[in-house]
Each structure stands twice: as structure tokens, then as C-alpha cells.
Amino acid sequence: MRIVFAGTPEPAVPSLQRFIDSERHEVLAVLTRPDAVAGRGRKVQRSPVGRLADEHGIPVLTPRRPAEPEFIDQLTELAPDCCPVVAYGALLPQRVLDIPRFGWINLHFSLLPAWRGAAPVQAAIDAGDEITGASTFQIEAGLDTGPVFGVVTEKIAVTDTAGALLDRLADTGAVLLERTLDGVEDGTLQAVPQANDGVSYAPKVPVEAGHIRWDQPALAINRRIRAVTPAPGAWTEANGTRLKLGPVEMVEEILPERTIEVRKSGVFIGTATTAVRLDQVQPQGKRMMSALDWARGARLQPGAVVE
């Protein structure tokens with residue numbers, strides 16, 4: 001099958017790599033978001049998908065909007081049979097959806113119709129789901145509403161961060177996406193409409209969602225921190241500055257809400273239920289470090305609290 005692959009971030013890379021390695025599918029071009037400023041050096045960088053395409057000499061298309069006439073002309077000239085999509089990051093107009101004869105097939109990191117939207121993995125962890133997965137579906141005008149070709153499931157471990165879980169789903173989802181295109185081309189796979197019940201939504205997670213509310217139960221705090229790790233990141237205000245937080249451990253002890261207690265065994269913070277023990281933290285402008293090293297350097301006053 002002749003394909004144009006659409007994707008942008010790191011979780012899309014395993015899928016593109018499978019199609020590059022495939023003897024059955026030919027990658028005509030890659031569609032990705034335009035180069036953008038990123039990293040500590042704030043330099044303009046190619047997307048991870050774009051970099052992989054460059055390494056293999058595959059043409060890279062970076063329209064600011066897929067509705068641009070120039071891009072539509074390029075895609076029409078390429079005449080792909082199908083366009084597989086993994087986290088491309090822009091809405092596709094109907095005129096573009098109609099170009100490939102098998103349409104656009106999306107790999108989405110949830111068990112649809114659960115967690116439609118931009119941040120399904122984060123939402124699943126934050127909600128305390130025990131099982132999640134990935135789905136392939138036919139893209140249509142609605143938000144992740146198209147009929148589903150196939151799914152894979154994945155258990156969510158109690159220590160999973162969004163980053164760790166997404167890494168696993170990116171690998172298993174890549175296999176699912178390739179097999180979906182195989183079945184579509186062979187005519188052995190038919191998409192099934194999504195159920196009308198069980199629909200939930202997972203919008204993009206803003207930076208403010210990572211601001212931890214210590215008046216919540218420890219379990220909710222634990223889930224939220226794991227859900228926003230590594231991006232946009234969990235944080236709190238401590239000792240007059242912003243402090244980025246790594247995953248925490250729930251303990252049985254009860255401390256006053258928001259109170260920081262430093263001991264030889266670790267740094268603890270009180271919540272609405274039991275306390276949590278900090279592991280790794282990152283003060284503004286510094287590297288990630290152990291919470292104890294941070295607390296010693298911060299010289300916290302007795303009764304210090306987080307905000």
C-alpha cells in the first residue's frame with residue numbers, strides 16, 4: 001500500500017518505523033507539524049517524526065494548516081492509498097480526508113469511545129483506570145468518533161507515569177496500526193461503529209493542571225502526579241519558589257495538610273488523607289535531585305508548607 005504517514009511527537013515514531021521497515025507498504029511522504037522552538041536552548045527543531053523521515057530520505061510535508069491549497073495539491077499528486085495517523089496534531093478538512101482511497105486511519109491511545117481527545121493516557125491514569133489500550137479507527141469529521149478497526153489492551157500499573165504507559169502503547173499500537181492497514185488492503189477487516197455509551201473526553205492538559213492541590217486525598221495526588229509526568233509536569237510552590245515533582249509514595253502516617261516534614265527517611269507532605277513521601281524534585285533553574293538533598297539546601301523552617 002502506498003501511504004503518507006501523519007504524525008509529530010515521539011509516540012508516533014514506532015509506527016513510522018514499522019512502515020519504513022515494511023516490505024508491504026511504501027512511505028511516499030511524511031506529514032508533520034512545522035519545525036518549532038523546543039528544548040532548553042530554545043532552538044528551532046524538527047519533530048521526532050520529521051527527523052526519522054529525514055534520516056531515511058523520505059519527503060517531509062509541514063503545512064501550517066492541512067487546508068492550505070499547496071498541501072492539498074501535494075497530497076493529490078502523491079495519490080496515496082491510505083494515510084495512517086498517530087498524534088499529528090491538527091484537524092483535517094473533509095477535502096483532505098477524501099483524497100486517499102482508503103481514507104485516513106488513526107491510532108488513538110485509548111479504548112474508544114473512552115477518552116476521546118488529545119490526552120487519553122493522562123486522563124486514564126488520573127481517573128484511576130486499571131485497563132487502557134489503543135484503537136485504530138477511520139477518521140471522520142467528529143472528534144475521534146469514527147468506526148473502529150481494532151484494539152489492543154494494556155494494564156495500567158500502580159507506578160505507571162503517563163510517559164511510561166505511552167511508551168508501551170506506542171510500541172503495541174504500532175503493530176496494531178500496521179496490521180489494520182494490512183487487513184484494510186486485503187479486504188478482511190471492516191470497521192465497527194463506536195458504542196453510544198461509555199463516551200468520555202480527554203482534553204489537552206494545561207500547565208495549571210500540574211499544580212498539585214494538597215487538600216485532596218493522597219491517592220488523587222498520586223494519580224495526578226503520575227498523569228502529568230513527564231508533561232506538562234507536576235509542581236508546587238515551596239520555600240518561595242516553584243518546585244517540580246516526580247512521582248510520590250503514599251505512606252500511612254497523617255500530617256497536617258500542606259505541611260512539609262523532613263526526616264532522615266525522607267521528605268513528607270500532608271494531604272487530606274495520609275501523607276506522601278517525595279522522591280525526586282527539581283527546583284527552578286536546577287537539575288532533578290533527591291527530595292532530601294533539596295530540603296537540606298532549602299533550609300526549611302519548622303512548619304513550612306507547600307502552596
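Because the structure is predicted, anything quoted here is derived from the model rather than measured.
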Are any non-hydrogen side-chain atoms of Pro120 and His108 less than 4.5 angstrom apart?
yes
Quick one, Leu278 and Phe268 - any side-chain contact, counting heavy atoms below 4.5 Å?
no
Would one find more than 12 heavy atoms of other residues, nucleotides or ligands at under 6.0 Å from atom [atom1] of [X]?
X      : atom1 : result
Arg2   : CZ    : yes
Arg64  : CZ    : no
Arg46  : CZ    : yes
Gln94  : CD    : yes
Asn196 : CG    : no

Distance-only polar pair, side chains of Glu253 and Thr274, donor-acceptor under 3.5 Å
no
Would you kindly say whether Asp293 and Ser290 are connected by a side-chain donor-acceptor distance under 3.5 Å?
yes
List, by chain and number, the other hydrophobic cluster members for Leu91, where Ile, Leu, Val, Met, Phe, Trp and Tyr join if side-chain heavy atoms come within less than 4.5 Å, directly or indirectly.
none
My understanding is that a hydrophobic cluster links ILVMFWY residues whose side chain heavy atoms are under 4.5 Å apart, including indirect links. Using that, what else belongs to the cluster containing Leu92?
Val4, Leu28, Leu31, Leu61, Phe71, Ile72, Leu75, Leu78, Val85, Tyr88, Val96, Leu97, Ile99, Trp104, Leu111, Leu112, Ile131, Phe137, Ile139, Val148, Val151
Salt bridge present between Lys155 and Glu130 (N-O < 4.0 angstrom):
no
Distance in Å, Arg277 CZ paired with Glu249 CD, rounded so as to fall on 0.5 Å steps:
4.0 Å
Rounded distance [0.5 Å steps], NZ in Lys204 versus CD in Gln122:
11.0 Å
Salt bridge (Lys or Arg N to Asp or Glu O under 4.0 Å) pairs, two or more places apart, involving residues 214-232
Asp126-Arg224, Arg213-Asp215
Inter- and intrachain pairs under side chain to side chain donor-acceptor pair (under 3.5 Å), touching residues 74-83, at least two apart
Asp81-Arg101
Quick test of your reading: applying side chain to side chain donor-acceptor pair (under 3.5 Å), list the pairs with at least one residue in residues 160-172, sequence neighbours left out, ordered by first then second residue.
Glu154-Arg168, Asp160-Arg168
Axial cation check for Trp235 ring with Arg242, 6.0 Å and 45° limits:
yes
Apply ring-ring contact (aromatic ring centres under 6.0 Å, His included) to Trp294 and list each qualifying residue two or more places apart in sequence or on a separate chain.
none
